[in-house]
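Written out below as structure tokens is the structure these notes cover.
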Amino acid sequence: MTAFEPRVFSGVQPTGNLHLGNYLGAVSRFVPLQDQMPSVYCVVDLHAITVWQDPAELMRATREVTAAYLAAGVDPKKAIIFNQSQVKEHSELAWMFNCIARMGWLRRMTQFKEKAGKNAENASVGLFAYPNLMAADILAYRATHVPVGDDQKQHLELTRDIAQKFNNDYAERIVELGLGVTNPEPTPESPAELYFPLPEPLIAGPATRIMSLRDGSKKMSKSDPSDLSRINLNDDAETIAKKIKKAKTDPDALPSEVEGLKDRLEADNLVGIYAALAGTTKADVLKEYGGQQFSAFKPALSDLAVEKLAPMTGEIRRLVADPTAIDAVLKDGAERAAAIAEPVLHDVRRIFGFVEARFGR
Ligand code: TRP
């Protein structure tokens, strides 16, 4: 092969309630991509169990994330939608990557340090190896483009490091088996033929980085103990209005220029949310609201949020009421996903030198 076929892969964890940050930062961005390249969108249930999950809640959340993909406009006829545990190749490749990635690489991961907290000795081994599973998700499809939030950038770099080490360690074997793809940018560290692409992150712009409504320095998160910190996709209009009303701000009026938002994290976040929901820029929002008080801006933001989110939240509610239909989407997606990942794992087993007594063709 002379070039990698472009393919998008991304995943969302089925933990807790979906919120505005998941929607603006991830799911809504999947929709335009499905028309540009073959796209694979995964509900990463294997990642979820790196920390304790109640089984019934995991099932609910898995179907809810699937419903959110659909309600946001991901088309299951175009894109592949499935849950990770149903395609065994993810786990298999993750194990192999456990043997490629180095302890030192994973020790540097800031997300592990944050999630494990003070009691890292008691964190699961899975939480530590989490980025290797993420690399396996992407590379089992030899995906070239990965839309993710800013917080996942380091994991994407690790994915590239794993791909590169594999390509290097097995360079001769890849050529010998005729499985190489011409390297667009060969260097002394990167051989002329590759098996895995080095996937490109498609990082969400600053307008889609949604922060907590209670603390503008923290990402909006389902694990924040305060429900006032986030807008859930299943909040009703009244709740949305209440949360925006209570959102932390400062006493000053809104500035007329984006520079005026510097060091005003909460104001910056609310203006960013408005811009993302309206599909404009912060500069445009400030052209309209510059000089106004939050007492005027917040009701406008609530109305916009309700107007934009209501149709989707309604659709999510309608979809989750019919789990049979959701599961049919996931089954079809898993079969199509497996059809891509199975031949990749077949190649990878051969590259490693596993005797393909059962899987050989
Ligand atoms: N780690 C990602 C997150 O928490 C979710 C994820 C898992 C992912 N596998 C992926 C994202 C592969 C992109 C590609 O947001």
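Position 1 is the first residue of the sequence, and the numbers go up from there. Quick caveat: nothing in here was measured; it's all calculated off a predicted structure.
Contact record, Asp250 with Ala267: OD2-CB, 4.2 Å, taken as the closest heavy-atom pair. Residues Gln86 and Ala334 share a closest heavy-atom pair of CB-CB, 3.9 Å. Nearest approach of Thr159 to Pro199, heavy atoms of both residues: CG2-CG, 3.8 Å. When all heavy atoms of Asn168 and Ser190 are compared, the closest pair comes out as OD1-CA, 3.9 Å. In terms of heavy atoms, Phe196 sits closest to Phe4 at C-CZ, 3.5 Å. For the residue pair Glu266 and Gly216, the shortest heavy atom distance occurs at OE2-N, 2.8 Å.
Between Phe354 and Phe352, the angle of the ring planes stays under 30°, which puts this pair in the parallel group of the 30/60° scheme. Ring geometry for Phe9 against Tyr141 counts as parallel: the plane angle stays under 30°, on a 0 to 90° scale with 60° as the upper cut. Classified by interplanar angle (parallel below 30°, tilted 30° to 60°, perpendicular above 60°), the ring pair Tyr130/His155 is tilted. Aromatic ring orientation, Phe112 versus Phe128: perpendicular (interplanar angle above 60°, classes split at 30° and 60°).
Ser28 contributes a side-chain N or O that, together with a main-chain N or O of Tyr23, makes up a donor-acceptor pair within less than 3.5 Å. Judged purely by atom type and a 3.5 angstrom limit, Gln111 has no side-chain atom pairing as donor or acceptor with the backbone of Gln154. Using a distance-only test at 3.5 Å, with no hydrogens or angles considered, no donor-acceptor pair links the side chain of Asn167 to the main chain of Leu194. With hydrogens and angles disregarded, a donor-acceptor distance shorter than 3.5 Å links the side chain of Arg102 to the backbone of Cys99. Between the side chain of Ser229 and the backbone N or O of Ser212, no donor-acceptor pair lies under 3.5 Å. A donor-acceptor pair under 3.5 Å links the side-chain atoms of Arg230 to the main chain of Ser221, judged by distance alone. The backbone N or O of Ile240 lies less than 3.5 Å from no partner atom in the side chain of Asp235, so there is not a single donor-acceptor pair. Remark: side-chain polar atoms of Tyr41 are not paired, donor with acceptor, to backbone N or O of Val8 under 3.5 angstrom.
Under the 4.5 Å side-chain heavy-atom criterion for ILVMFWY residues, a single connected hydrophobic cluster contains both Val27 and Val320. In the hydrophobic cluster analysis, where Ile, Leu, Val, Met, Phe, Trp and Tyr join through side-chain heavy atoms closer than 4.5 angstrom, Phe82 is grouped apart from Leu58. Cluster membership check: Leu198 does not share its hydrophobic cluster with Val40, using side-chain heavy-atom separations under 4.5 Å among Ile, Leu, Val, Met, Phe, Trp and Tyr. Both Leu24 and Val74 belong to a single network of hydrophobic side chains, linked directly or stepwise wherever heavy atoms of I, L, V, M, F, W or Y lie under 4.5 Å apart.
The structure places CE of Met134 at 11.0 Å from SG of Cys42, a figure rounded to the nearest 0.5 Å. To the nearest 0.5 angstrom, Thr187 atom OG1 is 6.0 Å from Gln164 atom CD. For the atom pair CD1 (Ile231) and CG (Leu301), the distance works out to 6.5 Å, reported to the nearest 0.5 Å. Rounded to the nearest 0.5 Å, atoms CD1 (Ile244) and NZ (Lys298) are 9.0 Å apart. Residue Leu177 holds its CG atom at 11.5 Å from CD of Glu172, rounded to the nearest 0.5 Å. Distance check: Ile81 CD1 to Leu70 CG gives 4.5 Å after rounding to the nearest 0.5 Å.
Between Asp227 and Asn17, every side-chain heavy-atom pair lies at or beyond the 4.5 Å cut-off. Between Leu265 and Met211, every side-chain heavy-atom pair lies at or beyond the 4.5 Å cut-off. Contact of the Val44 side chain with the His90 side chain is not registered, since no non-hydrogen atoms from C-beta on lie closer than 4.5 Å. Arg317 places a side-chain heavy atom less than 4.5 Å from the side chain of Thr313. Annotation: side chain of Glu64 is in contact with side chain of Asn234 (closest heavy-atom distance under 4.5 Å). With a 4.5 Å cut-off on side-chain heavy atoms, Leu202 and Arg29 count as touching. Using a 4.5 Å heavy-atom threshold, the side chains of Arg7 and Ile340 count as touching. Counting only heavy atoms from C-beta outward, the side chains of Thr249 and Phe297 never approach each other to under 4.5 Å.
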| task | Evaluate side chain to side chain contact (heavy atoms under 4.5 Å, CB included) for Val271 paired with Tyr289, printing each intermediate quantity in order. | result | CA-CA 9 Å; Val271 172; Tyr289 290 98; over 6 Å; no
| query | Does the pair Leu179 and Glu193 meet the rule for a side chain to side chain contact (heavy atoms under 4.5 Å, CB included), with working shown? | reply | CA-CA 8 Å; Leu179 293 172; Glu193 292 198 29; over 6 Å; no
| said: Before you tell me yes or no, could you show the steps for Glu238 and Lys242 under salt bridge (Lys or Arg N to Asp or Glu O under 4.0 Å), namely the whole-Å CA-CA distance, both residues' side-chain angles and the distance that decides it to 0.1 Å? | reply: CA-CA 6 Å; Glu238 212 178 307; Lys242 182 182 86 185; over 6 Å; no
| message | Assess the residue pair Glu176 and Arg173 against the criterion (salt bridge (Lys or Arg N to Asp or Glu O under 4.0 Å)); give the C-alpha distance rounded to whole Å, side-chain angles, the decisive distance to 0.1 Å, and a yes or no. | response | CA-CA 5 Å; Glu176 186 186 311; Arg173 183 84 176 149; 3.3 Å; yes
| said: Show, in sequence, the C-alpha distance, side-chain angles and deciding distance for Leu286 and Val258, and conclude whether the side chain to side chain contact (heavy atoms under 4.5 Å, CB included) test is met. | reply: CA-CA 7 Å; Leu286 294 178; Val258 176; 4.3 Å; yes
| task | Carefully, step by step, assess Asn269 and Lys248 under the rule side chain to side chain contact (heavy atoms under 4.5 Å, CB included). | result | CA-CA 10 Å; Asn269 187 37; Lys248 191 175 161 201; over 6 Å; no
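One side chain, Asp215 or Ser217, offers a donor N or O that lies under 3.5 Å from an acceptor on the other. Looking only at atom types and distance, the side chain of Gln34 has no donor-acceptor partner in the side chain of Asp75 under 3.5 Å away. The closest side-chain donor-acceptor pair between Thr324 and Asp327, if any, does not fall under 3.5 angstrom. Side-chain contact, Thr62 with Asn83: no donor N or O sits under 3.5 Å from an acceptor N or O.
For the side chain to side chain donor-acceptor pair (under 3.5 Å) condition, the pairs that include at least one residue of residues 342-357, sequence neighbours left out, are Glu92-Arg349, Tyr195-Asp347, His346-Glu356, Arg349-Glu356.
Counting non-hydrogen atoms of other residues, nucleotides and ligands closer than 6.0 Å to CD of Glu5 gives a total of 12 or fewer. Annotation: Lys153, atom NZ; neighbour count of heavy atoms from other residues, nucleotides and ligands within 6.0 Å does not exceed 12. With a 6.0 Å radius and a threshold of 12 heavy atoms from other residues, nucleotides or ligands, Glu57 has its CD atom above the threshold. At most 12 heavy atoms of other shown residues, nucleotides or ligands fall within 6.0 angstrom of atom CE in Met59. Annotation for Lys113: atom NZ counts as buried by contact number, over 12 foreign heavy atoms lying within 6.0 Å. More than 12 heavy-atom neighbours from other residues, nucleotides or ligands sit within 6.0 angstrom of CD on Gln36.
Contact check on Glu259 versus Lys262 returns no salt bridge, with no Lys/Arg side-chain nitrogen under 4.0 Å from an Asp/Glu carboxylate oxygen.
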